[in-house]
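See below for the structure under consideration.
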Amino acid sequence: MKKSLAIIALAAAAVNASGATPTYLDDSRPLEERVEDALSRMTLREKVNLIHAQSKFSAPGVPRLGIAELWCTDGPMGVRPEVLWDEWEQAEWTNDSCTAFPSLTALAATWNPDMAMLYGKSIGEEARFRNKSVLLGPGINIYRTPLNGRNFEYIGEDPYLVASMVVPYVEGVQSNGVAACVKHFALNNNEINRHTSNPIVDDRTLYEIYLPGFKAAATEGNAWSFMGGYNLFRGEHASYNPILMNQILKGEWGWDGAVISDWGAVHDTRTAVTGGLDMEFGSWTNGLTNGASNAYDNYFLANPYYEGIMDGTYSTDELDDKVRRVLRLTFRTAMDRNRPWGSMGSDEHVAACLEIGQEGVVLLQNEGDILPLNPERKMKIAVVGENAIKAMTVGGGSSSLKARYEISPLDGIKKRLGDKADIVYARGYVGDTNNEYNGVVAGVDLTDSRSPEELKAEAIRAAKDADVVLFIGGLNKSNNQDCEDTDRLTLDLPYGQNELIEALAEANPNVVVVNISGTGVAMPWKDKVKGIMQAWYLGNETGNTLASLIFGDVNPSGKLPYTYYATLEQCGAHALGEYPGHPGTDQLGNEVMDIPYNEGIFVGYRFTDKNNLTPSFPFGHGLSYTDFSYGEARVGRKEGTNEDVFTVTVPVTNTGNRVGKEVVQLYVADLESSQPRPVKELKGFRKVALAPGETRDVSFEVSNADLSFFDAATHSWVSEPGEFSLLIGSSSADIRSGVNITLLPR
Ligand code: GLC
């Protein structure tokens with residue numbers, strides 16, 4: 001071993017002496033040639049060092065060969081501020097305040113892949129400018145339960161919507177020479193017990209619901225890295241799960257990227273070696289307490305692995321595959337001399353933050369067309385609720401940011417009305433007064449010593465005396481709300497908001513609720529208020545975004561990316577499945593929480609449709625300040641293809657008096673199937689902007705793949721001959737047009 005290493009070293013030196021650029025450093029050479037050349041020059045110690053962290057967020061590269069370090073950063077909604085070498089605490093740099101983009105659920109609610117591309121490109125520019133090679137996002141875990149603390153970081157309940165939005169986001173990020181790191185692969189659908197959750201999922205559910213977003217990211221978006229989840233799957237940890245990583249991701253999907261562990265997700269060497277993990281980060285390794293500083297040589301894929309190879313326990317086959325993948329990641333990012341330079345806090349990023357938020361806010365209800373409010377009309381507005389003043393860019397876990405600024409809803413409303421503003425603000429309740437996370441402080445001091453009774457009385461007085469009440473409440477980024485590592489404890493709004501909203505509605509007939517949250521909440525008062533807006537965490541431009549929609553500068557066009565349940569019993573995970581599960585054991589006999597996903601494929605609207613349940617608001621729902629009508633659907637067969645491809649076209653008209661965007665949705669219903677299938681499934685959508693009176697033909701192509709279900713017995717997708725309905729609608733519950741097709745036996 002030593003002799004060959006010496007020869008390699010001499011060969012490298014010789015090449016350098018000749019002045020020729022070594023292949024691995026030559027950008028003009030094919031990637032795989034560079035990878036193999038670099039691999040051939042590395043010592044065993046250098047290979048092992050390459051695949052695990054050297055600091056909280058970096059890995060060492062190969063200094064001797066000039067192979068660059070890999071620097072990672074959170075998160076999916078903005079570039080995290082710099083932390084100390086080996087700590088979570090702030091490095092207190094003065095140049096790392098970022099653009100805080102809207103939450104990914106807000107992006108999902110735009111139903112606009114162009115917004116996903118804009119989002120990815122913009123956040124990728126900021127990561128690039130901060131010289132980061134891997135952006136630890138997007139998160140795309142399916143919204144199985146509304147209680148999951150991290151729903152706000154994800155893209156909703158439907159695999160087709162997730163797949164459609166994740167691809168352009170990944171492409172946008174990677175256009176900067178920064179790797180997306182799609183997470184958390186897979187089945188990390190709750191935060192409670194996230195290190196020991198062991199989802200028990202059948203193959204059909206896995207392939208039809210929980211994998212499509214990841215498959216699209218890997219095979220269409222060509223994501224350069226994936227992050228494994230903390231949870232287990234069928235008894236093995238996801239970050240090095242042979243089924244997920246070797247069989248599916250790298251086998252069936254032929255993916256050539258690098259799998260990065262979640263921080264602290266690795267628990268032993270053997271399975272980390274054989275289970276398809278390529279880089280280990282954030283471990284607190286055997287024999288060391290949590291957070292032991294500078295324990296990097298003790299990582300499971302560090303000395304224990306090196307010694308295991310030296311004593312013959314492990315071959316170098318797995319190691320070389322890991323090294324190839326990390327080298328590929330490095331050459332695609334840090335060592336790509338042609339990648340752009342990025343930018344940070346640019347006007348373009350501010351504009352992107354605003355545009356994405358404006359396209360993502362969902363107008364759920366607008367009785368009596370109470371919205372938009374006329375900014376020119378003299379009116380007294382009572383603004384009530386803590387979320388009108390609370391900063392939301394801090395908190396919530398690893399996605400927390402040090403934003404360059406954050407305009408609160410109240411400030412945005414005041415700014416929009418200018419000297420016409422006749423606004424009274426009443427807090428209404430005191431919820432979470434914290435405005436600090438990881439050493440970053442944002443927003444105003446929220447302390448308030450008044451009693452709940454005083455606060456409520458003040459709000460009711462303001463409501464009685466106003467022309468209209470804007471209640472701006474919802475959830476926040478504190479524990480057991482929209483926050484990593486905890487789940488919500490109830491579907492209800494916290495801090496007595498339900499009672500307060502009812503009291504406000506008693507005091508004034510013109511109440512509009514702006515609910516700021518990353519996930520659905522129960523709305524027992526929805527028939528007692530006129531307007532309801534589902535606003536997300538909207539980042540820097542929160543106040544400006546909301547004001548532009550409330551006062552009609554912008555016409556809302558968002559659609560719900562998940563079902564807005566009235567009660568938890570309307571959700572399959574709670575009605576049929578288990579949550580948060582029951583005690584079980586993993587393959588090593590360790591205690592885990594088994595979570596049988598008994599609801600199977602019936603997640604979200606698939607469950608409410610099947611059981612004829614009426615949620616507060618259905619998947620895909622969202623109103624506009626104009627109206628749209630749909631004509632008759634026309635269907636044709638696409639010729640010249642060796643499979644059944646149907647085209648379905650529907651004319652859509654803007655029948656109102658202002659420009660608006662409509663998300664035209666295509667659902668497929670299998671009318672005769674050998675397997676239980678959902679009543680309908682989303683298989684297409686188009687967001688179209690229409691002027692008043694304008695009609696546009698909106699067309700979709702429907703292929704066998706769109707008509708198929710996953711057959712676990714044959715481990716393949718099957719489209720059975722027979723009748724199908726192609727349903728076109730404005731939401732999953734508002735079908736406007738449709739046509740039947742017959743799939744002929746092949
Ligand atoms: C966290 C999260 C992950 C994040 C990582 C680094 O625990 O699960 O999403 O990227 O650690 O902060």
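In each ligand, atom 1 is the first atom listed, and ligand 1 is the first ligand listed.
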Inset, instruction - Do me a favour and list the nearest non-hydrogen protein atom to atom 7 (O) of ligand 1 with residue, atom name and distance? - result: Tyr230 OH, 2.6 Å

Inset, instruction - Using a strict cut-off of 4.0 Å, indicate which atoms of ligand 1 neighbour a heavy atom of Leu136. - result: 10 (O)

Legend entry - cation_pi(Lys477, Tyr537) dist<6.0 Å, angle<=45: yes

Inset, instruction - Considering heavy atoms of the protein only, find what lies nearest to atom 11 (O) of ligand 1 and give residue, atom and distance to 0.1 Å. - result: Asp262 OD1, 3.1 Å

Legend entry - Arg144 charged N/C atom sitting above Tyr597 aromatic ring, 6.0 Å / 45°: yes

Legend entry - Minimum-distance protein heavy atom relative to atom 1 (C) of ligand 1: Glu484 OE2, 3.2 Å

Legend entry - N or O pair under 3.5 Å between Trp263 and ligand 1: no

Legend entry - Atoms in ligand 1 with a heavy atom of Arg80 nearer than 4.0 Å: 12 (O)

Legend entry - Whether Arg150 lies under 4.0 Å from ligand 1, heavy atom: yes

Inset, instruction - Indicate yes or no: does Lys390 engage Asp432 in a salt bridge with an N to O separation below 4.0 Å. - result: yes

Legend entry - Atom NZ of Lys121: over 12 foreign heavy atoms under 6.0 Å: no

Inset, instruction - Considering the heavy atoms of Arg194, write down every atom of ligand 1 situated less than 4.0 Å from one of them. - result: 7 (O), 8 (O)

Legend entry - Shortest protein heavy-atom distance from atom 4 (C) of ligand 1, along with the residue and atom involved: Asp74 OD1, 3.4 Å

